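Working notes, beginning with the structure itself.
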Amino acid sequence: MRPVTYTRWLHLCVPAGAIALWGVFAPRYLYLLGVLAVPVGLIRAVRLGEGIQAQALLVPDERGRPDATIAAAPAATWQDRWRTVLWLEARLVLAGVALMTTAWGPMLAIEMLRLGIGGAPVTIPALGIWQPQWWWTPLAVLPAVGSLVLLVALGHFATRLARMLLGPSPAERLRLLEERTEQLLERNRIARELHDSIGHALTVAVLQAGAARAAGDPAFTERALSAIEEVGRGALDELDRVLLILREGGRPLSGRPTLEGVDRLLEAARSSGATVDAELSGPLGHLPGLISREGYRILQEALTNVLRHAGPVPVKVRVTVADSLLELEVANPLPRQPSLAPGRAGSGLRGMRERAALLGGELQTGPSHGEWRLRVRLPLDGLAGPRDCQVVPTDRSVG
């Protein structure tokens, strides 16, 4: 009752036409079809055609899917070519069986019905040795139903065989797995970008709006609205950039903020009511681009977590570049009543930990002496150029 049964039957019958045509003109040399399948199967494009046909008729629900169990690609290796040859040989055999089943099953049922009503066989004279009896009529159901069952079984067998001989080779599976992994990594990177940038902007905007409403000071309200406007525009720019990357799949991430713009990040936290005591040490402008971008995102998420869960409290920020190492440290008083949003607890920490781990660094968090401390260490070895390794300590403190 499934439509795929009939598409598989059609797939079995495609070579049957060639077999029947060959049998009409050269029945004594039918075996030459199997010989001819060898050079044909060694052609690279034949595997592509067989794969497309098998996907469309044997497994139509997998057609065009990257994880299809039957590959639709030209032969990449000699092993693929010989597997195609075996598939063509097996397909000829299955087509012959399907042709016999399709033709002789109904014919046998009709002849048995003729015997049941007292007639003589016409298409199968060999049945004339049997005497016409009434019980031939109910027995005629057996070849009719049996041929259908056999065709269903042949379809299943052809599908399994196609998955074995036309399925992706180990090299193709590895390539597909690598492509899938790259897609997942890119999705995770974009998700982290949106979480960090948009989440930070929304947190700052919410705190500014709440503080302006509670203050009742027109001047403070104007400053708060200006800060909300600034972070909102920044969030819109960030959102446009990420959406552009999504629309242009192969485009790399570019234009992302780095630690050179850390002052703007700290100022946004201060405008939300937090008192930020920042100490920046080392040549932040000479950091490798990847380290600087990821460090900015980690620091942004750390400040966002402080504002979201502890509110506008005093925050200590330390950014140090020395001895081929970037250290980020953020500390704030432990809140009396943590305001973790349901279902959001831990997502920011997990994202920061993933960023640090991908760069070979480490992240430590936890309470210490009445404060919540976050410390990140990112090694610069292997990522920095020769100029970046020449670290000249320069200190600048921002109170």
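From a predicted model like this one, the values you see are computed outputs, not experimental measurements.
- Using a 4.5 Å heavy-atom threshold, the side chains of Thr275 and Val313 count as separate.
- The backbone N or O of Leu99 lies less than 3.5 Å from no partner atom in the side chain of Thr102, so there is not a single donor-acceptor pair.
- Put simply, CG on Leu334 and CZ on Arg373 are 10.5 Å apart, with the number rounded to the nearest 0.5 Å.
- Rounding to the nearest 0.5 Å places OG1 of Thr101 at 11.5 Å from CG of Leu108.
- Closest of all the heavy-atom pairs between Pro60 and Val4 is CD-CG2, 3.7 Å.
- Between Arg353 and Thr365, the closest heavy-atom pair is NH2-OG1, 4.0 Å.
- Heavy atoms only, all atoms of each residue included: Gly51 and Ile70 are closest at O-CG2, 4.1 Å.
- Between Gly105 and Ser147, the shortest heavy-atom contact is CA-CB, 4.0 Å.
- Hydrophobic clustering (side-chain heavy atoms under 4.5 Å, transitive across Ile, Leu, Val, Met, Phe, Trp, Tyr) keeps Leu57 apart from Ile52.
- Going from atom CG of Leu10 over to atom CG of Leu58 covers 10.0 Å, rounded to the nearest 0.5 Å.
- For Trp9, the CH2 atom counts as loosely surrounded, since its 6.0 Å shell holds 12 or fewer non-hydrogen atoms of other residues, nucleotides or ligands.
- At a threshold of 4.5 Å between side-chain heavy atoms, the hydrophobic network of Ile, Leu, Val, Met, Phe, Trp and Tyr places Leu36 and Leu94 in one connected group.
- Between the Arg297 side chain and the Ser292 main chain, no donor and acceptor come within less than 3.5 Å of each other.
- Here CD of Glu327 is found 5.0 Å from CG of Leu325. Values are rounded to the nearest 0.5 Å.
- Here the side chains of Leu266 and Val317 are in contact, with some heavy-atom distance below 4.5 Å.
- Considering every non-hydrogen atom in both Tyr296 and Gly261, the closest pair reads CE1-O, 3.7 Å.
- Looking only at side-chain heavy atoms (C-beta outward), Val38 and Trp82 come within less than 4.5 Å of each other.
- Environment of CZ in Arg63: sparse, with no more than 12 heavy atoms of neighbouring residues, nucleotides or ligands closer than 6.0 Å.
- Heavy-atom minimum distance, Leu166 versus Glu50: CD1-O, 4.0 Å.
- Here the side chains of Pro288 and Ile291 are in contact, with some heavy-atom distance below 4.5 Å.
- In this structure a side-chain-to-backbone donor-acceptor pair under 3.5 Å is missing from Arg293 to Leu259.
- For Arg8 and Thr159, the side-chain atoms include at least one donor-acceptor pair closer than 3.5 Å.
- One finds no salt bridge joining Arg318 and Glu279 here, because no Lys/Arg side-chain nitrogen approaches an Asp/Glu carboxylate oxygen to under 4.0 Å.
- In this structure, Trp372 and Asn305 have side chains that are not in contact, with every pair of non-hydrogen atoms separated by 4.5 Å or more.
- Under the 4.5 Å side-chain heavy-atom criterion for grouping Ile, Leu, Val, Met, Phe, Trp and Tyr, Leu151 is connected to Phe157 within one hydrophobic cluster.
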Show your working on side chain to side chain contact (heavy atoms under 4.5 Å, CB included) between Leu303 and Val315 and close with a plain yes or no. CA-CA 8 Å; Leu303 292 174; Val315 185; 4.0 Å; yes

Given Leu290 and Leu359, is the side chain to side chain contact (heavy atoms under 4.5 Å, CB included) satisfied, shown in steps? CA-CA 9 Å; Leu290 180 61; Leu359 297 175; 3.5 Å; yes

What do the steps show when you test Leu165 against Thr84 for side chain to side chain contact (heavy atoms under 4.5 Å, CB included), and what is the final call? CA-CA 7 Å; Leu165 298 177; Thr84 307; over 6 Å; no

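- The backbone N or O of Leu12 lies less than 3.5 Å from no partner atom in the side chain of Arg91, so there is not a single donor-acceptor pair.
- At a threshold of 4.5 Å between non-hydrogen side-chain atoms, the residues Leu299 and Val319 count as touching.
- Screening Glu329, Glu301, Met352, Gln364 against Leu374 for a side chain to side chain contact (heavy atoms under 4.5 Å, CB included) leaves a single residue, Met352.
- Thr69 pairs with exactly one of Gln55, Arg160, Glu62 by the side chain to side chain donor-acceptor pair (under 3.5 Å) rule, that one being Glu62.
- A donor-acceptor pair under 3.5 Å is formed between the side chain of Arg44 and the backbone N or O of Ala75.
- Between the Ser368 side chain and the Glu371 main chain, no donor and acceptor come within less than 3.5 Å of each other.
- Looking at Arg270 and Glu267, a side-chain N of the basic residue comes within less than 4.0 Å of a carboxylate O on the acidic one, giving a salt bridge.
- Within the 4.5 Å cutoff, no side-chain heavy atoms of Met164 are placed close to those of Arg83.
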Is there a side chain to side chain contact (heavy atoms under 4.5 Å, CB included) between Leu328 and Leu326? Walk through the geometry before answering. CA-CA 7 Å; Leu328 304 172; Leu326 170 65; 4.2 Å; yes

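- Leu150 and Val14 end up in different hydrophobic clusters when Ile, Leu, Val, Met, Phe, Trp and Tyr side chains are linked at under 4.5 Å.
- Between Leu92 and Leu88, the closest side-chain pair of non-hydrogen atoms is not below 4.5 Å.
- Cluster membership check: Leu148 does not share its hydrophobic cluster with Leu154, using side-chain heavy-atom separations under 4.5 Å among Ile, Leu, Val, Met, Phe, Trp and Tyr.
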